[in-house]
Amino acid sequence: MSVRLLNTASRSLENFTPLDPAGRVVKMYTCGPTVYNYAHIGNFRAYIFEDLLQRHLEVRGYAVERVMNLTDVDDKTIAGCKRCGVPLADFTQTFKDAFFEDIKTLRIRPATHYPAATAPEYIERMIDMIKTLQAKEIAYLAEDGSVYFRIAKFPRYGELAHLNLEELRPSGRIQSDEYEKEAVGDFALWKAWNPNDGDVWWESPWGRGRPGWHIECSAMATALLGPELDIHCGGVDNIFPHHEAEIAQSECVTGRHFARTWLHCAHLMVDGQKMSKSLGNFYTLRDLLAKGYSGREIRYVLLSVHYRLPLNFTLSGLDAARAALERLDAWVERLQTLAGETLASKEHPPTPACTRFLEALDDDLNISGALGHLFDWIRESNRAMDAGSVTALLAAQTLADFARIQSVLELGAETAAVPAQVLALVEQRQAARAARDWAGSDVLRDAIAAAGWQVKDTKQGPQLTRV
RNA sequence: GGCGGGGUCGCCAAGUGGUAAGGCCGAGGUCUGCAAAACCUCUACCGCGGGUUCGAUUCCCGCCCCCGCCUCCA
């Protein structure tokens, strides 16, 4: 069974096949962060969805070449660097560094390329693309020195979002300062410098200015992945106008079909409401780490809801994630103890549970269904271990299959070395228990807990867990 | 007004034309020196009203409610 994905362009479930004649390489473009602040968990919801997609494609044998852009020039980054009184590049570097730290914390597999909008080669490419569009009379220079895309020249504009442009109701968000446009829907390819931009500008055939947002993605995607992409992802809010604009620009320049599969994840809500600073429910990753939650707990929460469903993020959801992960960890520990040094044979047939897990993900990344299979498997396996019917070999094979699942989930426990002092306490406690000195044993258990470890007495002996 | 996503157990959330996975929390139990873990048992008339059908949570129609987009927000 192949991987099936719901393509925003067709609004239907499609069997996924890459363009690569060998059917192996997948070219994937994912809209990345605007580096004007620390990214919030809503941003990471999108990045974790893309991570899940990439990892699942990889487990299915594809080689994913992925690009994630860094938008390091726009109104917000310019406003930010002015506020701080530092050069734009210094301002954005802080948040680029933070972004890379954060994705590491969340165990997001790095993309192949992270092109930045301000890199000279991409600025140059954007200018070239705009020149091409201008030569085709698709782009026009306005009186203020900005260059706009004439959407009347691209009849398919609006198709991805299923919008009929004639029926659009004007919303308050239309920029009132763009008087120069021929049509209200035309979007900026190149923005002329204005005094607010300070020393942020690049020379161009149209004078000083900076690129528009949309052209950035078109330029970097086609530069790094070629004119046709297999998959293009982003949040639902990017469908219109951003992705429409990308399609229009790219296709008018290359003459090729830009992206074959469009995937969009739904928004994240907090406590049932839109996350916003004024409601006080706005979380960056760092806010949650400061509350004592770990990257993998946050990863679990963001991962465990299907990407096209709105995700309602709550602190109690994080607590539930913690409990679920502890259950998972305890199971793995048990298996490891049983397996000891035994290795799984390379030829063993996969456990049906592992197969079911991956098949659920084949179905448009049905993560909830997949996790359901995983927890069914955990219960059955625990039951078998309780009954004493699991051999070292079976435990080893179970672990080998689970490793396959973990290559997609990446939810393994952090391993921490047990300090010698704690080990000594555990030994003393074992001696006390052997002597049936229960009071002494309990005092030692408290001492171990005070050192940050929990000791559990199992049939195989005491087991330590980091608290 | 247009386009789109939702309403399934206290919370999160799968799923199917034949009376509903899983996780968390809760109650009781087995095991254990006591714990912990694990396991077992228990907890849902699937937003409302019609229709199609032998039978609908699942298909169709209407309605209510929530959320998003509608020109630079993941």
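The analysis underlying the following values was restricted to heavy atoms, covering all of them including side chains, and did not include hydrogens, waters or symmetry mates. In what follows, chains carry the letters A, B, and so on, assigned in the order in which the sequence lines appear, proteins first and then strands, with residues in each chain numbered from 1.
Separation of the P atoms belonging to G33(B) and U8(B) is 45 Å when rounded to the nearest angstrom. Taking atom P on both G10(B) and C48(B), the two are 14 Å apart, rounded to the nearest angstrom. Comparing the same atom, C1', in C67(B) and in C73(B) gives a spacing of 15 Å after rounding to whole Å. Remark: the separation of the C1' atoms in G1(B) and C11(B) is 36 Å, to the nearest Å. C12(B) and G47(B) have their P atoms separated by 14 Å, given to the nearest Å. On the C1' atoms, G23(B) is 24 Å away from A35(B), given to the nearest whole Å. Across the C1' atoms, C64(B) and G50(B) are found 15 Å apart, a figure rounded to whole Å. Taking atom P in both A27(B) and A37(B), the straight-line distance is 13 Å, to the nearest Å.
Taking 4.0 angstrom as the limit, Arg383(A) places a side-chain polar atom (N or O) nearer than this to OP1 or OP2 of C40(B). Using a 4.0 Å cut-off, some side-chain N or O of Lys76(A) falls inside it from OP1 or OP2 of C73(B).
Closest approach of Thr92(A) to Asp72(A), counting heavy atoms only: CG2-O, 3.6 Å.
Counting atom types as modelled, Asp386(A) pairs no side-chain N or O with a base atom of C31(B) as donor and acceptor under 3.5 Å. Side-chain to base pairing of Arg445(A) with A35(B): one donor and one acceptor N or O lie within less than 3.5 Å of each other.
For residues 311-328 of chain A, the set of pairs meeting the salt bridge (charged side-chain N to carboxylate O under 4.0 Å, His left out) definition, not counting sequence neighbours, comprises Glu297(A)-Arg322(A). Identified under the salt bridge (charged side-chain N to carboxylate O under 4.0 Å, His left out) test for residues 370-379 of chain A, with sequence neighbours left out: Asp376(A)-Arg379(A).
Between the Arg429(A) side chain and the Ser441(A) main chain, a donor and an acceptor come within less than 3.5 Å of each other. A donor-acceptor contact shorter than 3.5 Å links the side chain of Thr391(A) to the backbone of Leu394(A).
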* Taking it one step at a time, do Glu410(A) and Arg55(A) satisfy salt bridge (charged side-chain N to carboxylate O under 4.0 Å, His left out)? -> CA-CA 9 Å; Glu410(A) 200 61 61; Arg55(A) 287 168 178 274; 3.1 Å; yes
* Where do His243(A) and Phe258(A) land on the side-chain contact (heavy atoms from CB on, under 4.5 Å) test, with the steps shown first? -> CA-CA 10 Å; His243(A) 290 162; Phe258(A) 180 49; over 6 Å; no
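Between Asp376(A) and Asn43(A), it is Asp376(A) whose nearest contact on RNA chain B lies nearer the 5' terminus. Comparing Ala161(A) and Glu380(A), the nucleotide of RNA chain B nearest to each residue sits closer to the 5' end for Ala161(A).
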* Would you write the dot-bracket representation of RNA chain B, where each base gets (, ), [, ], | or . depending on whether it forms a Watson-Crick or G-U pair under 3.5 Å and with which partner? => (((((((..(((.....[...))).(((((.......)))))....(((((..]....))))))))))))....
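Residues satisfying the salt bridge (charged side-chain N to carboxylate O under 4.0 Å, His left out) test with Asp437(A), not counting sequence neighbours, are none. Here His242(A) pairs with Cys31(A), Trp213(A), His214(A), Cys217(A), Asn238(A), Glu246(A) under the side chain to side chain contact (heavy atoms under 4.5 Å, CB included) rule; sequence neighbours left out. Listed by chain and number, the residues in a salt bridge (charged side-chain N to carboxylate O under 4.0 Å, His left out) with Glu101(A) are Arg286(A) (sequence neighbours excluded). By the salt bridge (charged side-chain N to carboxylate O under 4.0 Å, His left out) test, Arg433(A) is found to be paired with Asp457(A), residues two or more places apart in sequence or in another chain being considered. Residues passing the side chain to side chain contact (heavy atoms under 4.5 Å, CB included) test with Thr112(A) are Glu65(A), Arg66(A), sequence neighbours excluded. With sequence neighbours excluded, the residues forming a salt bridge (charged side-chain N to carboxylate O under 4.0 Å, His left out) with Glu159(A) are Arg156(A), listed by chain and number.
Distances from the side chain of Arg379(A) to the nucleotides G23(B), A36(B), G33(B) place G23(B) closest. For His162(A), the listed nucleotide lying nearest its side chain is G4(B); candidates were A35(B), A38(B), G4(B). Among C40(B), G68(B), G33(B), the nucleotide with an atom closest to any side-chain atom of Val236(A) is G68(B). If you check G33(B), C67(B), U71(B) against the side chain of Pro241(A), the one that comes closest is U71(B). Of the listed nucleotides (A38(B), A35(B), C67(B)), A38(B) has the atom at the smallest distance from the side chain of Asn382(A).
One atom, NE2 of His264(A), and another, C1' of G5(B), lie 14 Å apart when rounded to the nearest Å. Distance NE2 (His242(A)) to C1' (C70(B)): 17 Å, rounded to an integer number of Å. The distance from atom CZ of Arg308(A) to atom P of A14(B) is 10 Å, rounded to the nearest whole Å. The OH atom of Tyr300(A) sits 13 Å away from the P atom of G22(B) (whole-angstrom rounding). For the pair Met385(A) CE and A37(B) C1', the interatomic distance rounds to 11 Å; values are reported in whole Å. With rounding to whole Å, Gln454(A) atom CD is found 13 Å from A38(B) atom C1'. Taking atom CD on Glu244(A) and atom C1' on C69(B), their separation rounds to 12 Å, with Å as the unit. At whole-Å resolution of the value, NZ in Lys456(A) and C1' in A35(B) are 12 Å apart.
Shown for residues 322-332 of chain A: residues whose heavy atoms fall under 4.0 angstrom of RNA chain B, namely Ala323(A), Ala324(A), Arg327(A), Ala330(A).
A donor atom on one side chain and an acceptor atom on the other are found under 3.5 Å apart for His56(A) and Asp362(A). No side-chain N or O of Tyr47(A) forms a donor-acceptor pair with one of Asp102(A) less than 3.5 Å apart. Under the 3.5 Å distance criterion, with hydrogens and angles disregarded, no donor-acceptor pair is assigned to the side chains of Thr458(A) and Arg334(A).
Residue Gly185(A) is in base contact, counting any heavy-atom pair closer than 4.0 Å across all strands shown. Residue contacts for Ser441(A): at a heavy-atom cut-off of 4.0 Å it reaches a base atom on one of the strands shown.
Ring geometry, Phe282(A) versus His40(A): the interplanar angle exceeds 60°, so the pair is classed perpendicular (tilted spans 30 to 60°).
G22(B) has no base stacking with the ring of Phe375(A) when judged by centroids under 5.5 angstrom apart and an interplanar angle below 30°.
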Can you tabulate the close N/O pairs, meaning under 3.5 Å, that link protein atoms to atoms of nucleotides 7-13 of chain B?
from	atom 1	to	atom 2	distance (Å)
A13(B)	O3'	Ser368(A)	OG	3.4
A13(B)	O2'	Ser368(A)	OG	3.2

Can you give me the N/O atom pairs linking the protein to nucleotides 15-17 of chain B at distances under 3.5 Å, or say none if there are none?
from	atom 1	to	atom 2	distance (Å)
G15(B)	OP1	Asn366(A)	ND2	2.9

